[in-house]
Protein chains: 2
Amino acid sequence: MSSRAPGAEPAAPTITNVAALAGVSRATVSRAFSNPRVLRPETVTRVREIAAELGYVPNPTAKALSTGRHGLLAMIVPDIANPFFPPMIGAAQGRAETAGLALLLGNTDEDPAREHTMVSTLTAQADGFVLAASRMTERQIRSLADRRPVVLVNRDLSGLPRVLVDSADGVRAAVEHLAELGHTRIAYLAGPTRSWANTQRKKSVKRAAERAGVEAIMLPGRVSSYEAGMQAAPDLLETGATAAVAFDDVLAHGIMAGLAQHGISVPGDISLVGCDDVLKAQVYPPLTTVSSHAADAGAAAVDLLVQHLADPASPERRVLLGTSLIIRATTVTPH
Amino acid sequence: MSSRAPGAEPAAPTITNVAALAGVSRATVSRAFSNPRVLRPETVTRVREIAAELGYVPNPTAKALSTGRHGLLAMIVPDIANPFFPPMIGAAQGRAETAGLALLLGNTDEDPAREHTMVSTLTAQADGFVLAASRMTERQIRSLADRRPVVLVNRDLSGLPRVLVDSADGVRAAVEHLAELGHTRIAYLAGPTRSWANTQRKKSVKRAAERAGVEAIMLPGRVSSYEAGMQAAPDLLETGATAAVAFDDVLAHGIMAGLAQHGISVPGDISLVGCDDVLKAQVYPPLTTVSSHAADAGAAAVDLLVQHLADPASPERRVLLGTSLIIRATTVTPH
DNA sequence: TTGTAGGCGTTATCAA
DNA sequence: TTGATAACGCCTACAA
């Protein structure tokens, strides 16, 4: 068992060592850390002092085995390279940290099967899950939720705590904005088919277009990537639309590049709106887009999870994060 | 202990259940999974079948307590929102996954103190660490390495396994390229002071400039952010340089924006080179930059770590990932 | 090839 | 307020 390279790892002190030195039982040492209130204050301080001297720290694994709580949260995302997720992950990790929890990260590459096996493997180690834009089936998710607390981000399943970046308002505003500018034929370039955000945005475009009395043309779903956007450019041109709303900024960005290859300029020839505001004003021309709050969503999700962990009977919660239109430079009156 | 909400969590089967049903000892069940070769093949299959029926999976926590191996790797990054890191993290998680390991993610916000406490907390749960662009002191890192296997990314400490994205070649090529274009006064906009990559790039700019017989002006270090780049624009203008190399693409990108605010255009008035190629050709104008291989670095780091875990006596390794200049549109002959 | 038995470090129950 | 003691689920000498 202790076959270490010489000089390495001088065997961390255990509760037994502390107990011996403090002249108390191991139970007392344990209580001095996990339930000090039942102890005489002076006992607590004495035990803790000795523990500090020894550099004793309760072994989380042993604690986990005994309590069934691991101090670990798992966060699963479809594509960490998508700029929408890093801020969300960062915020989630931060909140977990302040709650004394560590964060396990899983990247599924948009593959539902991989997501499912990943979640299955992790379910033995994680106290709870944040599933961001999960591509698993409803049945799979509910089955997981039966075994571990689950919080969903951008997936709307009744009965489960979830935080939704509700882009309906923002997208509606985008369509109205385009209509007001004089566009009468607006395309929507869809994102991942299984994505809740995509179906929501698609629906919102349709409705808003109807209400504004303009035509909405739906382009087939794509993965969210710059390349996919480029490839979609010809399809967009075929529609004859003078304006387009893209599933997200990454796709919109790719479309701009693709259109440029065809000699079509944005916004000169076609107006374009993105989603999520992950590019900020950092591209040229600055993209008109629908705001998003990925970081807030990540923080809220972890908060929900922590709360659910503390009180499993806490009421179901559905957190809605609003969005709005950010008008920059890619939307103008049609020539 | 088992105070669950009614109907939830039907107590996962344990090794004892399997043993009972299979009519063997718990030791045999254990061996059927962790050391099947010592068992009669038919025993292995029978035990595994019964285990499968029961849905038995070895409890990783119990295993960890017994073996001291947790099946967890920790990866610490200074800023997950920096586009340099997500691909690296994604690749690292992928390699860890194929090695049967899960990935703990820590984000330090460039704060050495936070990094240190984070690492200390995690050291009890993680089998090893990947420290990306660590801001800790050498002493702190070595102390950690005494307790757990550590692989460094973009930090060059002798005796520790490390993978370095060696941008020296690329940066040198960038300076030579600028000199050939006719620039005689080149500024380097530094990045985070504690960053190994930064000192390396700075040095490389100096040397290359010397050799090329052009002047190199060093601008003070900044954090790597779009905003910091914008703020640096006036400083850059003051130098009178006709070309600049920025610590990374994010800063370069900010500089472009900042210069634009001053009515200075890139590359019309000033040529600009970035680093890391995180923007690809996705900005306008497309940025001349030095390639990088963040994803490869992440994968290599985990591979090194896994190897070190399998054989602690394996030789120290220092993996160098080369870079090269990618000429796009932000570098031209001075007016 | 398989079983026995003890241990990994904590927590929790029950007494005292 | 504290102490024994038995779990928690698995691994691993050692013995058979």
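None of these values were measured; they are calculated from a predicted model. So you know, we letter chains A, B, ... as the sequences are listed, proteins then strands, and number each from 1.
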Query - Distance in angstrom units between B:I15 CD1 and C:dG3 C1', rounded - result: 13 Å

Report summary line: Of the candidates D:dC8, D:dG3, D:dC10, the side chain of A:S66 sits closest to D:dC8

Query raised in the report: Nearest-Å distance, CD (A:E42) to P (D:dT1)?
Result: 10 Å

Query raised in the report: Rounded to the Å, how far apart are A:R26 CZ and D:dG3 C1'?
Result: 11 Å

Query raised in the report: Looking at the side chain of B:A62, which of D:dG9, D:dG3, D:dT12 is the nearest nucleotide?
Result: D:dG9

Requested in this report: Output yes when at least one side-chain N/O atom of A:S30 is less than 4.0 Å from OP1 or OP2 of C:dT11, else no.
Outcome: yes

Report task. Determine the contact category for A:V44: base if any of its heavy atoms lies under 4.0 Å from a base atom, sugar-phosphate if only primed atoms, P, OP1 or OP2 are that close, otherwise nothing. Result -> nothing

Query raised in the report: Is B:D156 salt-bridged to B:R162, cutoff N-O under 4.0 Å?
Result: yes

Report task. Would you kindly give the NZ-to-C1' distance between B:K63 and D:dC8, to the nearest whole Å? Result -> 16 Å

Query raised in the report: Side chains of A:V119 and A:F129: closer than 4.5 Å at any heavy-atom pair?
Result: yes

Query - Nearest-neighbour nucleotide for the A:N59 side chain, C:dG3, C:dT10, D:dC10 considered - result: C:dT10

Query - Lys/Arg-Asp/Glu bridge criterion (N-O < 4.0 Å) met for B:D303, B:R95 - result: yes

Report summary line: Quick note, B:T43 side chain, CB onward, closest among C:dA5, D:dG3, C:dT1 is C:dT1

Report task. Taking only the side-chain heavy atoms of B:T28 (C-beta and beyond), determine which of C:dC8, C:dG3, D:dT12 contains the nearest atom. Result -> C:dG3

Report task. Between A:S34 and B:R40, name the one whose nearest nucleotide on DNA chain C is closer to the 5' end. Result -> B:R40

Query raised in the report: Considering residues, nucleotides and ligands other than A:R48, do more than 12 of their heavy atoms fall under 6.0 Å from its CZ?
Result: yes

Query raised in the report: Hey, does A:V29 reach any base, or is it just sugar-phosphate, or nothing, if we go heavy atoms under 4.0 Å?
Result: nothing

Requested in this report: Side chain of B:R31 only, please: which of C:dG3, D:dC11, D:dT2 is the nearest?
Outcome: C:dG3

**Report entry** Euclidean distance, atom NE2 of residue B:H70 to atom C1' of C:dG9 [Å, nearest integer]
**Finding:** 11 Å

Query raised in the report: CZ of A:R69 versus P of D:dC8: gap in Å, rounded?
Result: 19 Å

Requested in this report: For the pair A:R114 and A:D109, find out whether any cationic side-chain nitrogen is under 4.0 Å from an anionic carboxylate oxygen.
Outcome: yes

Query raised in the report: Expressed in angstrom and rounded to an integer, what is the separation of A:N17 atom CG from C:dC8 atom P?
Result: 11 Å

Query raised in the report: Is the distance from OP1 or OP2 of D:dC11 to the nearest side-chain N or O of B:T67 less than 4.0 Å?
Result: no

Report summary line: Whole-Å distance, A:F33 CZ to C:dT11 P, equals 10 Å

